S.K.: 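So that we are looking at the same thing, I have put the structure below in structure tokens.
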Amino acid sequence: MRRYFLLLLLGWLAGGAQAQPDPLIINVDGRRTTSLHGSWAAIVDPFDVGYRTYRNTPSGNSFFRHRRPQHPADRIEYSFEDAPRLEVPGDWNSQRLELFFYEGTVWYQRTFTYRLPADRRLFLYFGAANYEAIVALNGQVLGRHEGGFTPFNFEITELVHDGENDLVVYVNNRRRAEGVPTDNMDWWNYGGLTRRVLLVETPRTFVRDYFVQLDPADPSFLTGWVQLDGPERTLTVTLRLPELGLVQTIRPDTSGRGTFRLRVPERLERWSPEHPRRYRVELATRYETVVDSIGFRTIETRGTELLLNGRPIFLRGISIHEEAPFEGRRAFSKEDARVLLGWARELGCNFVRLAHYPHNEAMVRTAEAMGLLVWAEIPVYWTIQWENPHTLELARQQLRELITRDKNRAAVILWSVANETPRGEARLRFLRTLIDEARRLDPTRLVTAALEHRYVNDTTIVIDDELGRYLDVLGNNEYIGWYDGPPEKARRVVWQNAYDKPLIMSEWGGGAKAGFHGPAEQIWTEEYQARLYREQIAMLRRIPFLVGMSPWILKDFRSPRRPLARIQDYWNRKGVISDRGQRKQAFYVLQAFYRELAQSAI
Ligand code: GCB
């Protein structure tokens with residue numbers, strides 16, 4: 001029934017809501033943009049009256065039409081003009097108490113004025129909307145996007161009016177069994193226009209996308225491609241790296257795609273955590289110059305080693321959710337990123353796992369500027385619908401959008417395709433498709449996943465998940481001392497690896513309420529968590545094929561799965577920093593270990 005209704009709805013929207021977003025424009029920071037941030041009208045619509053009638057048929061008075069009464073007797077039972085308002089960017093849960101647990105529809109609306117010159121194009125760009133968004137401009141539906149953590153854009157060149165324009169966005173964050181993520185996860189399902197919303201103005205023909213990296217096969221060369229969009233697809237593009245004195249002319253083919261390969265001078269300084277050097281990169285046509293800041297490095301494996309710029313590296317990491325410091329809301333700003341990543345630096349990290357979904361672009365760019373290596377991930381989490389082709393397509397689309405956005409970031413070394421997924425044939429097929437896709441889109445990085453392990457006997461654990469065959473780097477989550485026995489169990493455990501590949505312990509940890517003190521045997525105390533950290537560290541030191549770790553987690557984060565009153569109160573308390581920014585004892589245990597590792601690495 002539900003499906004039937006959906007089909008009907010999609011049909012009624014006359015193709016509009018079925019329409020996919022246009023191909024993604026990358027590096028919007030390097031373009032001419034207008035912010036649509038600020039206060040938007042927001043109608044909370046738990047029963048979707050904005051698009052369906054009491055007979056469950058599509059409503060002729062959909063909110064996309066944004067009608068206003070013309071006569072005193074006009075009955076229009078909604079009003080954007082008088083609706084309460086929400087800040088954009090921002091999740092709705094943290095902005096209004098009654099929306100704290102809300103999962104459903106909110107209709108956003110605002111106006112903007114614009115004058116688009118005749119030779120220019122205009123796009124509406126969303127950093128992300130969780131989970132499903134349908135966008136309408138001046139009463140016309142542009143299309144729909146599914147997936148709460150990746151960007152999308154629609155071209156509005158032909159629809160935008162000279163002067164005032166009316167923008168309506170339907171956002172629905174209902175959890176869905178067939179979705180990515182599915183309906184069961186350990187984080188807050190923050191809904192809304194959670195990231196930036198921009199107008200992006202371009203020339204008729206413009207540089208939509210590009211990839212500029214060292215050639216992994218021979219890093220004395222820079223290779224890549226540029227993708228033009230528009231009528232003049234064979235327009236000449238000039239690639240310039242002024243600090244290196246490099247200039248290259250690129251001649252795209254009739255599909256707008258042009259490739260290049262050029263030798264880099266000896267003096268090129270590689271990007272690394274110690275020296276996060278980035279170069280100005282310009283891509284110019286006769287109509288525009290797109291400027292980016294790109295670092296160059298190599299990443300590869302050799303047996304169980306991980307090599308950055310040809311040298312073995314140990315990843316001193318921490319896992320992070322995209323939640324703001326000091327408060328329970330989605331993070332979206334540069335300032336949020338600076339604080340969160342600043343804490344990681346204070347810990348002594350050279351690596352962050354941005355769990356469990358693509359974080360906002362400011363996080364990745366700030367990590368790159370600070371010299372933090374990044375594990376980037378899509379929300380293929382726990383038990384999703386492995387047999388469902390729609391689910392696979394969704395996962396693939398999100399992976400594509402993530403890689404498209406971040407493929408020029410030197411900080412990103414790992415694409416992770418899954419977290420704690422159950423072994424089985426259908427899952428293997430599903431994830432292999434994603435791994436192939438990641439390699440096809442980006443041959444310069446390594447592919448990983450956070451796996452689970454198997455006890456061979458009481459004390460021997462083996463990582464032998466068949467997915468390991470297809471990954472470059474193994475990730476493994478383990479909770480010895482929390483879900484899996486007491487912390488001291490770690491003393492007896494021996495880890496085995498079925499593959500000649502490096503391992504990152506992508507999660508381990510336990511909960512503590514900041515300020516709660518007591519004996520180290522007492523669960524939820526800072527002392528218990530610190531004890532667990534000491535035991536874990538002693539164990540991890542003994543694993544020869546270990547190349548890094550990202551303990552769970554930097555900061556306490558909101559989760560509906562954590563109802564224990566007075567301790568959790570809907571926060572997952574495994575942070576080494578509390579939701580208010582207090583460092584727990586475990587923070588200092590980890591910091592001391594990372595300082596020691598950093599010293600010995602010199
Ligand atoms: C896990 C999950 C993570 C959870 C964590 C926990 O294994 O990957 O998302 O939040 O455990 O705290 O239980």
Side-chain angles (χ1 to χ4, degrees), residues 130 148-149 175 179-190 317-323 328 330-331 340 352-359 375-384 395 414 416-423 427 431 448-455 461 463 465 467 471 474-487 490 503-514 523-524 526 528-529 532-533 536 540 548-564 567-579 584 586-587 590:
N130 191 38
F149 304 97
R175 279 169 294 134
V180 179
T182 183
D183 55 5
N184 192 10
M185 65 273 208
D186 189 22
W187 69 80
W188 207 264
N189 183 24
Y190 292 110
I318 192 78
S319 295
I320 309 182
H321 260 298
E322 192 195 42
E323 201 175 78
R330 272 267 168 259
L340 291 169
V352 287
R353 175 183 178 203
L354 301 183
H356 278 303
Y357 38 74
H359 286 212
W375 158 315
E377 176 166 345
I378 52 169
V380 173
Y381 181 88
W382 290 353
T383 306
I384 71 166
L414 292 159
S416 176
V417 295
N419 179 77
E420 287 181 1
T421 50
R423 291 167 75 161
R427 170 269 202 171
L431 294 181
T448 191
L451 306 172
E452 295 178 331
H453 43 270
R454 189 168 65 82
Y455 274 90
I461 303 179
I463 297 164
D465 185 327
L467 190 68
L471 300 172
L474 311 169
N476 181 69
N477 296 354
E478 55 93 2
Y479 280 92
I480 296 170
W482 193 255
Y483 302 122
D484 180 9
L503 170 72
I504 296 171
M505 214 54 103
S506 38
E507 281 180 35
W508 55 270
K513 175 97 192 264
I523 195 162
W524 303 116
E526 288 195 30
Y528 184 102
Q529 191 192 36
L532 186 156
Y533 266 64
Q536 280 286 329
L540 293 164
M549 58 183 77
S550 46
W552 195 253
I553 188 170
L554 180 68
K555 182 195 80 92
D556 293 352
F557 60 98
R558 281 200 197 279
S559 169
R561 294 175 56 90
R562 310 291 169 176
L564 178 64
I567 298 286
Q568 295 177 317
D569 300 310
Y570 298 104
W571 292 91
N572 182 315
R573 294 292 183 199
K574 295 190 188 72
V576 292
I577 299 181
S578 78
D579 53 298
K584 304 178 194 173
F587 178 94
L590 188 61

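Quantities reported herein were computed from a predicted structural model and do not represent experimental measurements. We count ligands from 1, going down the list as the structure has it; atoms in each ligand are counted the same way.
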S.K.: Could you walk me through whether E420 and Y381 satisfy the side chain to side chain donor-acceptor pair (under 3.5 Å) test, starting with their C-alpha distance in whole Å, then the side-chain angles of each, then the deciding distance to 0.1 Å, before giving a yes or no?
M.R.: CA-CA 6 Å; E420 287 181 1; Y381 181 88; 5.6 Å; no
S.K.: Any idea which heavy atoms bring V380 and A395 closest together, and the distance?
M.R.: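 So the two residues come closest at CG2-CB, 3.8 Å.
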S.K.: Does D556 pair with K513 as a salt bridge, N-O distance under 4.0 Å?
M.R.: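 Between K513 and D556 there is no salt bridge, as every charged N stays at least 4.0 Å from the carboxylate O atoms.
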S.K.: Mark yes or no for whether R330, through its side chain, and E322, through its backbone, hold a donor-acceptor pair below 3.5 Å.
M.R.: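 Yes.
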S.K.: According to the interplanar angle, ranging from 0 to 90°, do the rings of F149 and Y357 count as parallel (below 30°), tilted (30 to 60°) or perpendicular (above 60°)?
M.R.: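 Plane angle under 30°, so parallel.
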S.K.: Less than 4.0 angstrom from a charged side-chain N to a carboxylate O is my criterion; do D569 and R558 meet it?
M.R.: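 Looking at R558 together with D569, the answer is no, because their closest N to O distance does not fall below 4.0 Å.
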S.K.: For ligand 1, what is the set of protein residues having any non-hydrogen atom at a distance below 4.0 Å?
M.R.: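 Contacting ligand 1 under 4.0 Å are D186, H356, Y381, N419, E420, N477, Y479, Y483, E507, W552, F557, R562, N572, K574.
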